[in-house]
Amino acid sequence: GPDMTQALETASSVPAGQAVTSVADNHQYLTFSVCGEVFAIGILNIKEIIEYGSVTEIPMMPAFIRGVINLRGAVVPVIDLSVRFGRQPTQIARRTSIVIVEVAHEGSKQDIGIVVDAVHEVLEITARDIEPPPAFGAKIRTDFIQGMGKVNEKFVILLNVDRVLSVEEMALLTGIDGHSAQVPA
């Protein structure tokens with residue numbers, strides 16, 4: 001793809017009405033572990049981090065949906081990232097957390113919780129420290145990976161939130177998109 005830094009330099013020529021996020025905001029990522037691997041999500045997508053608790057299970061849901069939580073009156077679906085990545089369900093332990101992520105869907109915003117083994121820290125990862133996702137050999141679906149961020153000579157997997165938490169994909173699987181699921185006659 002085109003060089004990000006170049007894109008940002010030419011951002012002054014962005015058509016009016018399009019928001020330009022300041023460069024500083026763009027490089028902050030929250031890192032966390034799932035199945036012993038370190039992943040990261042841009043903090044612009046993250047609303048809050050809460051400890052794991054009181055998740056109401058819902059029958060007939062795909063395995064990667066742990067259930068829902070009530071977050072100040074809003075019902076938020078909770079996704080088990082481990083299962084979403086095709087592994088075993090997360091074993092709930094002391095450091096297990098739910099990261100509340102905001103995903104855009106058809107013009108509105110949807111909050112989705114993701115279960116992670118442990119939240120680590122917010123890191124600065126600049127565009128030049130990010131490499132494209134590997135074409136093969138990744139342990140998760142390549143469309144889930146936005147890029148590989150280099151941190152202290154190690155790689156963290158930057159997740160493509162919109163794909164991992166694809167509201168369309170979930171709605172298809174669950175019929176929770178607000179329109180009643182079509183029941184075959």
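By the side chain to side chain contact (heavy atoms under 4.5 Å, CB included) test, Glu102 pairs with Lys47, Lys109, Asp111, sequence neighbours left out. Partners of Thr90 according to the side chain to side chain donor-acceptor pair (under 3.5 Å) rule, which considers only residues two or more places apart in sequence or in another chain, are Asp80. Take Arg94 and apply the side chain to side chain donor-acceptor pair (under 3.5 Å) test, not counting sequence neighbours, and it matches no residue. Under the ring pair (Phe, Tyr, Trp, His ring centres under 6.0 Å) criterion, Phe32 pairs with no residue, sequence neighbours left out. Take Val75 and apply the side chain to side chain contact (heavy atoms under 4.5 Å, CB included) test, not counting sequence neighbours, and it matches Val68. When the side chain to side chain contact (heavy atoms under 4.5 Å, CB included) test is applied to Glu121, the partners found at least two apart in sequence or on another chain are Thr31, Leu123. Not counting sequence neighbours, Glu131 has no partner by the salt bridge (charged side-chain N to carboxylate O under 4.0 Å, His left out) test. The side chain to side chain donor-acceptor pair (under 3.5 Å) check on Ser33 picks up His120, with sequence neighbours excluded. Thr126 meets the side chain to side chain donor-acceptor pair (under 3.5 Å) test with Asp129; sequence neighbours excluded.
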Q: Just do the side-chain contact (heavy atoms from CB on, under 4.5 Å) check on Ile98 and Val78 with the steps written out, would you?
A: CA-CA 8 Å; Ile98 298 177; Val78 175; 4.2 Å; yes

Q | Test log, rule side-chain contact (heavy atoms from CB on, under 4.5 Å), inputs Ile125 and Leu158 | A | CA-CA 10 Å; Ile125 307 175; Leu158 310 180; 3.9 Å; yes

Q: Check step by step if side-chain contact (heavy atoms from CB on, under 4.5 Å) holds for Ile140 and Leu159.
A: CA-CA 10 Å; Ile140 64 172; Leu159 292 176; 3.9 Å; yes

(Q) Run Ile50 and Ile69 through side-chain contact (heavy atoms from CB on, under 4.5 Å) and show every step you take. (A) CA-CA 11 Å; Ile50 57 181; Ile69 51 173; 3.6 Å; yes

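The only member of Val101, Val99, Leu71 that meets side chain to side chain contact (heavy atoms under 4.5 Å, CB included) when paired with Glu48 is Leu71.
Taking every heavy atom of both residues into account, Ile145 and Pro134 meet most closely at CD1-CD, 4.5 Å. Counting all heavy atoms, side chain and backbone alike, Ser97 lies closest to Ile49 at CB-CG2, 4.1 Å. The shortest non-hydrogen separation linking Gly42 to Tyr29 is N-CD2, 3.4 Å. Considering all non-hydrogen atoms of both residues, Ala127 and His27 come closest at N-CE1, 3.8 Å. Minimum heavy-atom separation, Pro133 to Met148: CA-CG, 4.3 Å.
A distance of 10.0 Å separates CD of Gln110 from CG of Leu165, quoted to the nearest 0.5 Å. Atom CZ of Arg87 is separated from atom SG of Cys35 by 4.5 Å, given to the nearest 0.5 angstrom.
In this structure, Val83 is not a member of the same hydrophobic cluster as Val76, with clusters built from ILVMFWY side-chain heavy atoms closer than 4.5 Å. Placement of Leu30 and Val115 in two distinct hydrophobic clusters is found when ILVMFWY residues are connected by side-chain heavy-atom separations under 4.5 Å, directly or transitively.
Residue pairs that meet the ring-ring contact (aromatic ring centres under 6.0 Å, His included) test with at least one member in residues 34-55, sequence neighbours left out, are Phe39-Phe85. Among pairs with a residue in residues 141-150, those fulfilling side chain to side chain donor-acceptor pair (under 3.5 Å) read Arg141-Asp143, Arg141-Glu169, Asp143-Arg163, at least two apart in sequence or across chains.
Within the 4.5 Å cutoff, the side chain of Ile46 has no heavy atoms near those of the Ile100 side chain. A heavy-atom distance below 4.5 Å is found between the side chains of Ile114 and Ile41.
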Let me have the donor-acceptor pairs involving side chains of residues 56-65, under 3.5 Å, with sequence neighbours excluded, atom names and distances please.
none

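In this structure a side-chain-to-backbone donor-acceptor pair under 3.5 Å is missing from Arg66 to Val55.
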